[in-house]
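The structure under discussion appears below in the form of structure tokens.
Quick caveat, the model's predicted, so the values are computed rather than measured.
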Amino acid sequence: MLDQLAPEWVTSQWFNSPPLTLADLRGRIVVLGTFQMLCPGCVANGLPQLQRVEQTFAREDVAVVALHTVFEHHAAMMPVALEAFLHEYRIGFPVGFDAHDDPARMPITMQRYNLRGTPSLVLIDRQGRLRHSSFGHEPDLALGARIAMLLAEGAEVVASSDGQQ
């Protein structure tokens with residue numbers, strides 16, 4: 001699945017943003033993090049890491065997007081609870097609520113990306129290709145290096161189109 005166009009996400013609601021598609025973000029590196037409000041690893045590591053990425057990289061180059069992917073405790077993790085959670089944790093980047101076609105199954109976007117759980121992290125390059133996917137916590141330095149490599153690829157493309165090397 002890597003190096004192929006990233007599948008479009010399917011959401012039932014957006015927070016901190018109007019509805020957002022991958023096409024809206026073309027030309028930027030997309031850092032997509034999946035989480036659940038009741039996931040200790042998401043609250044302790046995943047969401048704070050996304051906040052650090054958003055604070056570190058220029059928004060015109062890197063878009064941070066989170067996806068609330070509920071696959072357990074559905075009654076406790078409804079959109080109204082998510083809205084309060086995002087406010088309390090001061091999450092300001094766009095957050096989509098991953099849609100379900102059957103609550104007994106994994107959410108639609110989670111299935112499309114073949115994700116195993118939360119937190120998961122996905123990197124999408126400027127052309128919309130899926131370049132990295134991981135489950136669990138990834139060290140900040142490793143993530144920063146991956147993002148920097150994708151940013152450098154974009155700089156090489158711009159330089160070569162200008163006739164420079």
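The side-chain heavy atoms of I108 and H100, taken from C-beta on, include no pair separated by under 4.5 Å. Two residues are said to be in side-chain contact when any heavy atoms from C-beta on lie closer than 4.5 Å; L123 and V30 fail this criterion. Contact check for V65 versus W14: side-chain heavy atoms found under the 4.5 Å cut-off. Residues P19 and T11 have side chains not in contact (no heavy-atom distance under 4.5 Å, counting atoms from C-beta outward). In this structure, L50 and F35 have side chains that are not in contact, with every pair of non-hydrogen atoms separated by 4.5 Å or more. Side-chain atoms of I147 and F57, non-hydrogen and from C-beta on, do get closer than 4.5 Å to each other. You'll find the side chain of E153 reaches within 4.5 Å of the side chain of R131, heavy atoms only. Two residues are said to be in side-chain contact when any heavy atoms from C-beta on lie closer than 4.5 Å; I124 and I29 fail this criterion.
Rounding to the nearest 0.5 angstrom, the gap separating the OG1 atom in T118 from the CG atom in L38 is 10.0 Å. A distance of 10.5 Å separates CZ in R116 from CE in M106, rounded to the nearest 0.5 Å. The distance from atom NE2 of H137 to atom CG of D140, rounded to the nearest 0.5 Å, is 6.0 Å. Rounding to the nearest 0.5 Å places CG of D61 at 5.5 Å from CG of L151. Separating the CG atom in L143 from the CD atom in Q49 is a distance of 5.0 Å, to the nearest 0.5 Å. One distance of note links CG of L115 with OG of S133; it measures 5.0 Å at 0.5 Å rounding.
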Q: Begin with the C-alpha distance, continue with both residues' side-chain angles, and end with the deciding distance and a verdict on side-chain contact (heavy atoms from CB on, under 4.5 Å) for F85 and L47.
A: CA-CA 12 Å; F85 175 89; L47 289 170; 3.6 Å; yes
**Q.** L121 vs F135, side-chain contact (heavy atoms from CB on, under 4.5 Å): CA-CA, chis, key distance, verdict
**A.** CA-CA 6 Å; L121 188 69; F135 171 59; over 6 Å; no
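Residues P79 and Q13 share a closest heavy-atom pair of CB-OE1, 3.2 Å.
Checking side-chain atoms of E54 against main-chain N and O of V64 turns up no donor-acceptor pair under 3.5 Å. Put simply, the side chain of N16 gets close to the backbone of F93: a donor and an acceptor are under 3.5 Å apart. A donor-acceptor pair is defined here as one N or O able to donate and one able to accept, closer than 3.5 Å; such a pair exists between the side chain of W9 and the backbone of L20. A donor-acceptor pair is defined here as one N or O able to donate and one able to accept, closer than 3.5 Å; such a pair exists between the side chain of T34 and the backbone of S120.
Relative orientation of the F97 and H68 rings is tilted, given thresholds of 30° and 60° on the angle between their planes.
Results of the side chain to side chain contact (heavy atoms under 4.5 Å, CB included) test with P119 over C39, P40, S134 single out C39 as the only residue that passes.
Between R129 and D3 there is no salt bridge, since no side-chain N of the basic residue sits under 4.0 Å from a carboxylate O of the acidic one.
For the side chain to side chain donor-acceptor pair (under 3.5 Å) condition, the pairs that include at least one residue of residues 83-98, sequence neighbours left out, are D98-T109. Contacts classified as side chain to side chain donor-acceptor pair (under 3.5 Å) and involving residues 142-152 (residues at least two apart or in different chains) are given here: H132-R146, E138-R146. Residue pairs that meet the side chain to side chain donor-acceptor pair (under 3.5 Å) test with at least one member in residues 19-28, sequence neighbours left out, are T21-D24.
Hydrophobic clustering keeps L67 apart from V10 (ILVMFWY residues linked when any side-chain heavy atoms are closer than 4.5 Å, directly or through intermediates).
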